[in-house]
Amino acid sequence: MTINNIIGLLQTGVGVALALGLGYTVSNWFKTLAASAKNERVKFALTTASQVVLNAQELVANGSVQQADAVGNFLKRIKDNGYEKYFTEEQALAYVKQAYATNKANGTLGAVKPIVSDDALKQAEAVITGTDQTGTAQ
C-alpha cells in the first residue's frame, strides 16, 4: 500500500465521519423543531379548551349542552388558527373534558357566573309553564 492510498483512505474516512455527524445534527434539529411545534399546538389546545369550557358554563343549560357547545367552539377556534388537521373530534372532546376537570378542581369553574341569574331563570320558567302552545295564559 502506498502513501497515496493511505492518505486517500484517511480522507474518505474523515469525509464519511463528517457526513454522518452533519446528518445526525440535522436530524436532531428537525426532531427538536417538530417537537417544539407540537408542544405549541398542545399548549394552544389546552388554553383554548379551558376558555371554551368557562364560556360554556355561562350558558343556561345542562352539562351535555354545555359540553357540546364547548367542543363546537374548541373545533372552531382550532380551525380558525389552522390546526384542524392536528385534532380530531374525539381529541377535542378529550381536551374539553380535561379542561372541565382541571377548572373544577382548581375552583375556577365555580367562580363563573351564569348570564341569567337563578331567580330570573325561575321567573322565566314560571311564565313558560303557565302558557299553552298558542301563547295565551291557561
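Below, each value reflects all heavy atoms present in this structure, side chains not excepted, and no hydrogens, waters or symmetry copies.
In this structure Lys43 satisfies the salt bridge (charged side-chain N to carboxylate O under 4.0 Å, His left out) test together with Glu40, sequence neighbours excluded. Residues satisfying the side-chain hydrogen bond (donor to acceptor under 3.5 Å, both in side chains) test with Gln11, not counting sequence neighbours, are none. Remark: Asn4 pairs with no residue by the side-chain hydrogen bond (donor to acceptor under 3.5 Å, both in side chains) rule, at least two apart or across chains. Listed by chain and number, the residues in a side chain to side chain contact (heavy atoms under 4.5 Å, CB included) with Ile6 are Met1, Leu10 (sequence neighbours excluded). Under the side chain to side chain contact (heavy atoms under 4.5 Å, CB included) criterion, Thr47 pairs with Gln51, not counting sequence neighbours. In terms of the side-chain hydrogen bond (donor to acceptor under 3.5 Å, both in side chains) criterion, Thr12 has no residue partners (sequence neighbours excluded). Applying the side chain to side chain contact (heavy atoms under 4.5 Å, CB included) rule to Phe44 yields the partners Thr48, Ile78, Asn81, Tyr83; only residues at least two apart in sequence or on another chain are considered. Applying the ring pair (Phe, Tyr, Trp, His ring centres under 6.0 Å) criterion to Phe74, with sequence neighbours excluded, gives Tyr95.
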**Prompt:** Can you check side chain to side chain contact (heavy atoms under 4.5 Å, CB included) on Arg41 and Phe87, steps first, answer last?
**Reply:** CA-CA 10 Å; Arg41 288 191 302 268; Phe87 298 95; 4.3 Å; yes
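Sorted by first then second residue, the salt bridge (Lys or Arg N to Asp or Glu O under 4.0 Å) pairs that include residues 68-84, not counting sequence neighbours, are Lys76-Asp80. For the salt bridge (Lys or Arg N to Asp or Glu O under 4.0 Å) condition, no pair includes a residue of residues 86-97, sequence neighbours left out.
When all heavy atoms are compared, the tightest approach of Val96 to Val53 is O-CG2, 3.6 Å.
To the nearest 0.5 Å, atom CG of residue Leu75 and atom CD of residue Gln91 are 10.0 Å apart.
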